[in-house]
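Chain identifiers are assigned alphabetically (A, B, ...) following the order of the sequence lines, protein sequences preceding nucleic acid strands; residue numbering begins at 1 within each chain. Heavy-atom basis, side chains included; hydrogens, waters and symmetry copies ignored.
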Protein chains: 2
Amino acid sequence: MNVTSKLTAAAERLFDRHGYMATGMDRLTEAAGISSRTLYKHAGSKAALMARVLTERDRRFMARIDVRTIDALFAALEDWVRVEGCRGCLFLRSRAETGGDTPEIAEAVALHKDAFHERVGEVVAMDLGREDPALAAQVVVLFEGATHAAVYRGADAVSAARAAAAVLLERARA
Amino acid sequence: MNVTSKLTAAAERLFDRHGYMATGMDRLTEAAGISSRTLYKHAGSKAALMARVLTERDRRFMARIDVRTIDALFAALEDWVRVEGCRGCLFLRSRAETGGDTPEIAEAVALHKDAFHERVGEVVAMDLGREDPALAAQVVVLFEGATHAAVYRGADAVSAARAAAAVLLERARA
DNA sequence: TGCAATGTAAAACGATCGTTTTACATTGCG
DNA sequence: CGCAATGTAAAACGATCGTTTTACATTGCA
């Protein structure tokens, strides 16, 4: 495992657990086992490191939701929550913590959310046999809601979203 | 308008726009038009101020969703988003920024989410004519999802949640 | 062999953090 | 009148912030 990926992984974990602003560079260097000079050579700045974390997380997340049905989409979220925990959407959190004023971060968030919405549209089209933008928008809302309600209601929130999505899909088929 | 409520209002606005950790005490004193000594006499500490902001926001929010139907619940959210903007749930954000390690904040968040869930249960019971905990959980997820999807999709996210909730309610009636 | 790259450890940078203190002005009420 | 409460302005507190720098060790390759 090279320096960059070790740093990125450590940063993602600390940002997720304690928040972006609350995580100082010294805790990052300590967790990654590198000096501050090496950190800045690889990351450039704290904002750039956060953007890199988001880009890497987007890759991992999108790979996880490479599915063919809406039900599998929520099953993937159940897995994600079980493995990665549930502390809300790290993308929206980064945007909120920076007030949307850091361009590199705001752009990474926008790219992720666009890609996610497009993926949901594709899954809906595969599952339903035709495109249905209205249903896709509802599934996005359910997914986002499950992610955030899981913070205080745990995996039950994902189950509720999964059941609701099944009803909406059934209705769209009729 | 007395000192305390002016401070609380200014703090809520700054915390919401720029994030909790990113908002320094000097910006709070400047926005509230008070000295730092007065701020600490009234608020005690930054964490206590944040908890007070959350308690006040809970009062205002719960008053807004004092409704009798599920549809009115999402209509109220549309109003809220139009008036207060959409930067995600300030309760979950405060919890995330502090890592859940500040008791006064974690407690205020838990109280709010419990009260919200109970209120949704009451609205579902009124609208449906009987209790339906499963439907209530789904409405909570839709509401939470609308709140957070609205950050990047605007009021359309609330409309989508509203339509989805109508379908779920219709299905529960049959 | 020797240079360039890549790393560490640690000090230092000015800035800003949350909070307290000092010194003084204003006001309301017995 | 006089005291207690409540406010402001501003300096100071030590700590920590993100970032850069200095000085030195290790490694890979021509």
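- Under the 4.0 Å criterion applied to side-chain N and carboxylate O atoms, A:Arg119 and A:Glu122 are assigned as salt-bridge partners.
- Centroid-to-centroid, the aromatic rings of B:Phe116 and B:Phe91 stay 6.0 Å apart or farther.
- Map A:Ala22 and A:Gly44 each onto its nearest nucleotide of DNA chain D; the residue landing nearer the 5' end is A:Ala22.
- Backbone-only contact: B:Gly33 has heavy atoms under 4.0 Å from sugar-phosphate atoms and none from a base.
- Atom-to-atom, CG of A:Leu7 to P of D:dG18 comes out at 14 Å; the value is rounded to the nearest Å.
- Nearest-nucleotide mapping onto DNA chain D: of B:Thr38 and A:Gly24, the residue sitting toward the 5' end is B:Thr38.
- A:Lys41 has its NZ atom 13 Å from the P atom of D:dT21, to the nearest Å.
- At whole-Å resolution of the value, OH in A:Tyr40 and P in D:dC17 are 11 Å apart.
- For A:Ser35, counting side-chain heavy atoms from C-beta on, the closest listed nucleotide (C:dG18, D:dC17, C:dA9) is C:dA9.
- The CG atom of A:Leu39 sits 10 Å away from the C1' atom of D:dT19 (whole-angstrom rounding).
- Of the charged side-chain nitrogens involved, none lies within less than 4.0 Å of a carboxylate oxygen, so that B:Asp16 and B:Arg13 do not count as a salt-bridged pair.
- Atom pair B:Arg27:CZ and C:dT16:P shows a separation of 11 Å (rounding to whole Å applied).
- One interatomic measurement links the two molecules: CE of A:Met21 to P of C:dT16, which rounds to 14 Å at whole-angstrom precision.
- Taking a cutoff of 4.0 Å between a charged side-chain nitrogen and a carboxylate oxygen, A:Glu12 and A:Arg60 qualify as a salt bridge.
- Here D:dA10 presents its P atom at 13 Å from CD of B:Glu30, a figure rounded to the nearest Å.
- Along DNA chain C, the nucleotide nearest A:Ile34 and the nucleotide nearest B:Lys46 are compared for position; the residue whose nucleotide lies closer to the 5' end is A:Ile34.
- Remark: B:His42 is in phosphate contact with D:dG7, judged by side-chain N or O atoms under 4.0 Å from OP1 or OP2.
- Searching all strands for a Watson-Crick or G-U wobble partner of C:dA23 with both distances below 3.5 Å returns D:dT8.
- The heavy-atom pair separating B:Arg87 from B:Val151 by the smallest distance is C-CG2, 3.8 Å.
- Judged by distance alone with a 3.5 Å cut-off, a donor-acceptor contact links the side chain of B:Ser36 to the base of C:dT20.
- Taking atom NE2 of residue B:His18 and atom P of nucleotide C:dC17, one finds them 13 Å apart after rounding to whole Å.
- If you check every strand for non-hydrogen atoms under 4.0 Å, B:Thr29 touches nothing.
- Under 3.5 Å, the side chain of B:Arg37 and the base of C:dT22 form at least one donor-acceptor pair of N or O atoms.
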